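Please read all numbers here as calculations on a predicted model, not as lab measurements. Proteins get letters first, then strands, A, B, ... in listed order; numbering begins at 1 in each.
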Protein chains: 2
Amino acid sequence: MTQPAVPRSRENTRARLLAAASEVFAELGLEGASVEAICERAGFTRGAFYSNFASKEELLLGLMQQVADQKLEQVTERVRELGEDASVHRSVAELVTSILDVGTDGPTGVVLMSEIRTNAMRDERLAEAYLAWEAAMAERVAEIVADVAEAYRLRLRIPAIEFARLILDVWDATCAFAVISGLAPLVAKDLLTQRTATLAAAVTDSE
Amino acid sequence: MTQPAVPRSRENTRARLLAAASEVFAELGLEGASVEAICERAGFTRGAFYSNFASKEELLLGLMQQVADQKLEQVTERVRELGEDASVHRSVAELVTSILDVGTDGPTGVVLMSEIRTNAMRDERLAEAYLAWEAAMAERVAEIVADVAEAYRLRLRIPAIEFARLILDVWDATCAFAVISGLAPLVAKDLLTQRTATLAAAVTDSE
DNA sequence: GTCTATAGAGGGATAGAC
DNA sequence: GTCTATCCCTCTATAGAC
């Protein structure tokens with residue numbers, strides 16, 4: 001089914017440039033990262049870049065879209081899995097840990113999202129994409145929350161969507177804290193699990 | 001007690017440069033803001049700038065320190081007031097509203113803090129200052145939480161310090177959301193109040 | 001589709017006059 | 001303490017060869 005006839009290099013070059021951009025943006029910031037540095041990282045020159053993207057801003061928008069799609073897909077996938085395996089997990093703590101694989105990013109991903117969020121405050125197009133992604137994430141997490149609450153007979157003290165937003169806020173802040181503190185990945189994940197579990201315990205009652 | 005003998009202009013120039021920098025940084029980002037643009041906004045030239053700051057990075061560090069001190073002072077002040085007026089407020093909602101005057105920043109302040117947080121992920125010196133500030137903020141808010149809980153006979157479902165971190169996380173995320181959405185200041189404050197009140201209701205029980 | 005070469009603008013930082 | 005003038009570097013984007 002692989003068809004080399006379809007212009008493959010173009011997609012490939014685009015993908016490599018996007019991957020390189022996400023790294024360099026995370027390392028140097030959106031303004032600090034030069035097109036030259038991104039191309040060098042991807043193994044191309046600026047000519048190839050401008051053949052694939054109209055401008056640096058266009059690249060950023062494409063990157064935002066890619067990151068948002070990826071994360072959303074991961075979480076949606078987890079929602080689906082949870083629907084099938086509802087009876088496998090035992091404790092809420094285990095559940096949290098299991099779901100957290102999705103919420104845990106490497107430092108690069110965390111910095112990149114933070115960079116995008118900050119710049120969405122200044123750029124309307126970026127803002128639109130960011131808000132759509134954020135809303136979709138909250139909905140998916142709310143589905144998980146509702147499913148888990150039903151399966152484990154937990155009473156939510158606030159609506160599922162509010163709970164979902166709380167979780168996402170805590171994840172975001174905790175990931176940022178972990179990166180700024182220079183915490184080792186495993187330590188960071190422990191912290192994330194702990195804070196999520198504390199939150200979950202605080203806003204639910206067992207029936 | 002005002003002593004014009006003490007070199008007054010130096011402090012004044014420094015202050016004006018810092019104020020201008022906080023605006024331009026918020027508007028264009030740390031990398032996007034040129035020293036020239038900052039000086040122009042402050043009404044000076046680059047010569048004056050380099051007489052007051054060793055480099056652009058040094059300026060950023062000074063700005064971070066200033067912002068952190070200001071915010072911390074505001075919250076500490078509120079803690080003190082609350083100790084004196086403990087019996088004046090009636091409902092938790094009113095309390096939240098009253099305290100929120102502190103947590104509410106203009107868009108410029110929100111963008112600047114977001115910019116600083118993002119860059120703290122890449123800069124060790126900035127990280128150190130940011131973490132110290134964040135920890136101090138959490139402590140102060142925890143004091144408020146504990147005081148209010150005692151005065152209103154509320155049982156906290158999680159330790160005060162955890163509650164405080166939750167509040168700060170929600171404030172941060174909500175302020176960011178408001179700016180990205182382009183919400184009017186009053187609408188933003190309503191949202192902030194509502195989300196804080198929801199959180200407070202969820203993690204406390206009345207005795 | 002990707003390269004090299006280059007235009008054209010703007011950046012950070014310094015030196016020295018006032 | 002603040003100014004002007006300047007050095008040197010890096011940046012984005014384009015033009016044209018391969």
Between C:dG11 atom P and B:K56 atom NZ, what is the distance in whole Å? 9 Å

Roughly, in whole Å, what's the span from CZ in B:F53 to C1' in D:dG1? 14 Å

Candidates D:dT2, D:dT12, C:dT2 - which lies nearest the side chain of A:V35: D:dT12

Round to the nearest Å and state the distance from B:L59 atom CG to C:dA13 atom C1'. 14 Å

Can a side chain N or O of B:N52 be found less than 4.0 Å away from OP1 or OP2 on D:dT2? yes

Of all of residues 39-50 of chain A, which get a heavy atom below 4.0 angstrom from DNA chain D, listed by number? A:R46, A:Y50

side-chain N/O A:S51 vs C:dG1 OP1/OP2, d < 4.0 Å: no

Can you measure B:E36 atom CD to D:dT6 atom C1' for me and round it to whole angstrom units? 13 Å

Side-chain N,O (A:S55) to OP1/OP2 (D:dA13) below 4.0 Å: no

Hey, could you give me each pair passing salt bridge (charged side-chain N to carboxylate O under 4.0 Å, His left out) that has a residue in residues 130-143 of chain A? Not counting sequence neighbours. none

Over how many whole Å does the gap from B:E31 atom CD to D:dT10 atom P extend? 14 Å

Counting only pairs under 3.5 Å, give me each side-chain donor-acceptor contact of residues 14-25 of chain A, with atom names and distances, residues two or more places apart or in other chains.
from  : atom 1 : to    : atom 2 : distance (Å)
A:R16 : NH2    : A:A42 : O      : 2.9
A:S22 : OG     : A:A19 : O      : 3.0
A:E23 : OE1    : A:R41 : NH1    : 2.7

So, A:D172 and B:R117, do they make that salt bridge, N to O below 4.0 Å? yes

Minimum heavy-atom distance B:L166-A:R195, with the two atoms named: N-NH2, 4.1 Å

Under 4.0 angstrom, heavy atoms only, what part of the nucleic acid is A:A33 near: base, sugar-phosphate, or nothing? sugar-phosphate

In whole Å, I'd like the distance from the CD1 atom of A:I38 to the P atom of D:dC11. 11 Å

For B:E77, does the CD atom sit with more than 12 other heavy atoms under 6.0 Å from it, leaving out its own atoms? yes

Taking CG from B:L30 and P from C:dG11, how many angstroms apart are they, rounded to a whole number? 15 Å

Near B:E128 CD, under 6.0 Å, is it more than 12 heavy atoms from other residues, nucleotides or ligands? no

A:Q74 CD: over 12 foreign heavy atoms closer than 6.0 Å: yes

